[in-house]
2 protein chains.
Amino acid sequence: MTDHLRLARAYLLRVAEPPAPGVAELVAAEGPIRAAELVRQGAADDETSARRHLDLAAQDLSNAEEGGARLVIPEDEEWPGWQLLSLRTAGARGVKGMIEPLALWVRGSGLLAELVDRAVSVVGARSATGYGEHIATELAYGLVGAQVTVVSGAAYGIDGAAHKGALSGGGPTVAVLGCGIDIGYPAGHSGLLRKIADQGAVISEYPPGAPPARHRFLVRNRLIAALGAGTVVVEAGRRSGARNTASTAHALGKPVMAVPGPVTSAMSVGCHELLRSGEAAPVASVEEVVETIGHIGTDLAPRRKGRSRATDGLDPLALRVHEALGIRSGLSCERIAVESGVALTRVRALLPELELVGLAHRCESGWCRTLLGVERDD
Amino acid sequence: MTDHLRLARAYLLRVAEPPAPGVAELVAAEGPIRAAELVRQGAADDETSARRHLDLAAQDLSNAEEGGARLVIPEDEEWPGWQLLSLRTAGARGVKGMIEPLALWVRGSGLLAELVDRAVSVVGARSATGYGEHIATELAYGLVGAQVTVVSGAAYGIDGAAHKGALSGGGPTVAVLGCGIDIGYPAGHSGLLRKIADQGAVISEYPPGAPPARHRFLVRNRLIAALGAGTVVVEAGRRSGARNTASTAHALGKPVMAVPGPVTSAMSVGCHELLRSGEAAPVASVEEVVETIGHIGTDLAPRRKGRSRATDGLDPLALRVHEALGIRSGLSCERIAVESGVALTRVRALLPELELVGLAHRCESGWCRTLLGVERDD
């Protein structure tokens, strides 16, 4: 039975270019096996007439098996149904194109559902700067260290840096492609894709051999947005695919984050626009990403605090008295009163208090400030 | 009468360390002349007992006149009453320390109220980075170009860069000091302070000769926050005076803005925290500052748009057909249908449409994509 299901879904992936709402409806109504039969007979004509003669399902499945890949279908235990449900609910709310994949071609050692159980998507510009690639690498390295899987798109620039950072942290990481998983695109990342499959998974809803295309990247982006509990945009130009992923994540009701960068950098313009529009929250560290995601934040680190200063607890009058104290030579109480503008009786009461907390001391010529090492910058 | 008022306020500024709520109340209830008399006789004892014997008002005023300075009092036309009103209303709402100055010592050619009629405060870290100083300079230069006065605190780092940027743009700029206006602090900025006075104003509520002190900077910050229609933090460490100014501006109900920077920079941490907490809006340009300020935004530049792309208007099927087109050699309609997954009849209809908008053309071997120059990065 599962073989029939898998054959039917492999056939449907081959003949219907995603997202194919007509085919999805047919599958929902009739089940995949009957839907495949109906498509062969001419149903969902608009979406399948061009390819429905391509009956390559058995061949696709056996080729995949030989190549160490598999087709994961919704009927499988490893199907990441919880994550992909966000697509169905957004689709039900009327967000266009938010259709669950019919199945996913997967190359990789891990079980897909486990891999994306705790996952964050890290995306960004292809022509990233050194700054952006550094941040993507560090962020991904830190995320896998916090047991969070890094999902990205295997493109040059930020995507590649994110995958590499995750791999150097011991993985796992998941690459979602806009072409067949056998294509090795982009060419310069074919070695990287192999490593990703070793420590995670390379996945795609496009059939083996499907070449990359711009509309496929945009359609693919919905899967990147859906598989992460949130999406971090590390760098993005004014118009960019990463912003499309961010908008999709937003439409799916998932937190969108953007990493600030120099306002002088064209590659941070998209991030700053996301921040300015309120669509994204700024994140500067793994802790902030985890904090923003929230529901996977069980290992949330405590918030850092600013360094404390010896004078922090002083009330305003004591602070003024402290400021008026001499550093090199001492001052009389009367002089301190004039300098600080604090009444002499209060000065006389405050000085011993300052002495007690180690902020003042008596010297030959009067009262001195006790120095406590370097003071803050402001 | 105005001389008596001025003498009374000069006396009160000399004997009461701001903010002095008791003296302020006395002035509000009794008027400045009677309040000064009462203080001399021992009223507002807590705030004035240490200095009330210092009757230097006449001397302070004549020294100031000789030095080219003046005391501006609320009874003067050039008093920036509208801006400082924000302190009174915040004080009435219970925000601590939000007390209007009793008067302001001013060195400068311009009339104070006119100078701050359209003003933005630009503040930041003393130990700024090259990036921060560059941004502060450019922002201030652009603001004065938009007829906006730049208010800052004359400190090293961001403050100094903001004043310099404003001066290089032809001014005006206003420096608010945490010491007497005759002190020339910080020492390295004494030349800068002279130039600021030439093209704007150097102001302080501290009497001549008052040395700088940390608590004075904090008290001074409320004036910087009040005199601008909004406050921009260019760079700030985790703890910083600039954040104090930002919090005050926020408490005064004025827009707070922060410039994003590299998340790897300790000097941008304060800005990112302001953004993350929602206390500040991100700004990356003069236009965004002016847009955020809003009510001084009459010369608001139109929002920039992303570059448009020839394929922008295409529906998803037309986009898929366009993507499937060959670049070097042509393809048949049948082949394009299979590649794009679009029904052959639709392909046949869409290709002439693409040709019409200049995105496709017929060649010897079939249909080709028409190239339109460089494509975007994503």
Side-chain angles (χ1 to χ4, degrees), chain A residues 15-17 45-47 49-51 54 97 125-127 131 134-135 155 213-217 237-242 244 259-264 268-269 271-272 275-276 281-285 288 306-307 309 316 319-320 323-324 337-347 376-378, chain B residues 15-17 45-51 54 125-127 131 134-135 155 211 213-217 237-242 244 259-264 268-269 271-272 275-276 281-285 288 306-307 309 316 319-320 323-324 337-338 340-347 376-378:
Chain A
V15 302
E17 179 79 20
D45 189 60
D46 256 18
E47 294 169 7
S49 71
R51 293 183 188 152
L54 297 172
R126 282 202 295 254
S127 59
Y131 166 73
H134 170 75
I135 300 298
R214 188 197 290 156
H215 70 86
R216 286 183 178 151
F217 292 127
R238 194 173 291 280
R239 290 191 60 159
S240 74
N244 168 267
V259 177
V263 297
T264 44
S268 287
V269 168
C271 290
H272 295 152
L275 294 176
R276 194 161 164 76
V283 287
S285 65
E288 291 185 352
R307 282 164 291 151
R309 195 184 302 148
L319 202 58
R320 276 160 58 180
E323 289 277 330
V338 172
E339 291 295 325
S340 64
V342 174
L344 183 58
T345 50
R346 299 296 297 272
V347 169
R376 66 162 181 161
D377 168 71
D378 84 335
Chain B
V15 302
E17 179 80 20
D45 189 60
D46 256 19
E47 293 170 8
T48 60
S49 71
R51 294 182 187 153
L54 297 172
R126 281 201 297 253
S127 58
Y131 166 73
H134 170 75
I135 300 298
R214 187 194 292 154
H215 70 86
R216 288 185 175 147
F217 293 127
R238 193 172 292 280
R239 290 190 60 158
S240 75
N244 168 266
V259 177
V263 297
T264 44
S268 286
V269 167
C271 290
H272 296 152
L275 294 175
R276 193 160 165 77
V283 287
S285 65
E288 290 185 352
R307 281 163 293 151
R309 195 183 302 149
L319 202 60
R320 275 160 59 181
E323 288 277 330
V338 171
S340 64
V342 174
L344 183 58
T345 50
R346 299 295 297 272
V347 170
R376 66 163 182 160
D377 168 72
D378 85 336

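Here is the naming used below: chain letters follow the sequence lines, and residue numbers restart at 1 for every chain. Keep in mind it's a predicted model, so treat the numbers as computed, not measured.
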At a 4.5 Å cut-off on heavy atoms, which part of [X] comes close to chain B: side chain, backbone, both, or neither?
{"X": "A:V347", "answer": "neither"}
{"X": "A:V338", "answer": "both"}
{"X": "A:I135", "answer": "side chain"}
{"X": "A:R320", "answer": "both"}
{"X": "A:E339", "answer": "both"}

When rounded to the nearest 0.5 angstrom, what distance separates [atom1] in [X] from [atom2] in [Y]?
{"X": "A:S285", "Y": "B:H272", "atom1": "OG", "atom2": "NE2", "result": "11.5 Å"}
{"X": "A:E17", "Y": "A:H215", "atom1": "CD", "atom2": "NE2", "result": "4.5 Å"}
{"X": "B:L319", "Y": "A:R216", "atom1": "CG", "atom2": "CZ", "result": "12.0 Å"}

### Heavy-atom closest contact (B:R51 atom, A:G341 atom, distance)
NH2-N, 3.0 Å
### Query
Which heavy-atom pair separates A:V263 from B:Y131 by the least distance, and what is that distance?
N-OH, 2.8 Å
### Query
Of the backbone (N, CA, C, O) and the side chain (C-beta and beyond), which part of B:P316 lies under 4.5 Å from a heavy atom of chain A, both, or neither?
neither
### Query
Which bit of B:V283 comes within less than 4.5 Å of chain A, counting heavy atoms only: side chain, backbone, both or neither?
both
Let's test your reading of the structure: which of [options] forms the most heavy-atom pairs below 4.5 Å with chain A?
{"options": "B:S340, B:P262, B:A324", "value": "B:P262"}
{"options": "B:P282, B:S268, B:A213, B:S49", "value": "B:P282"}
{"options": "B:A281, B:P211, B:A343", "value": "B:A343"}

### Message
If we ignore hydrogens and angles and just use 3.5 Å, is the side chain of A:E47 paired with the main-chain N or O of A:A16 as donor and acceptor?
### Response
no
## Note on the structure
Ranked by heavy-atom pairs below 4.5 Å to chain B, first place among A:A284, A:G97, A:A337, A:G261 goes to A:G261
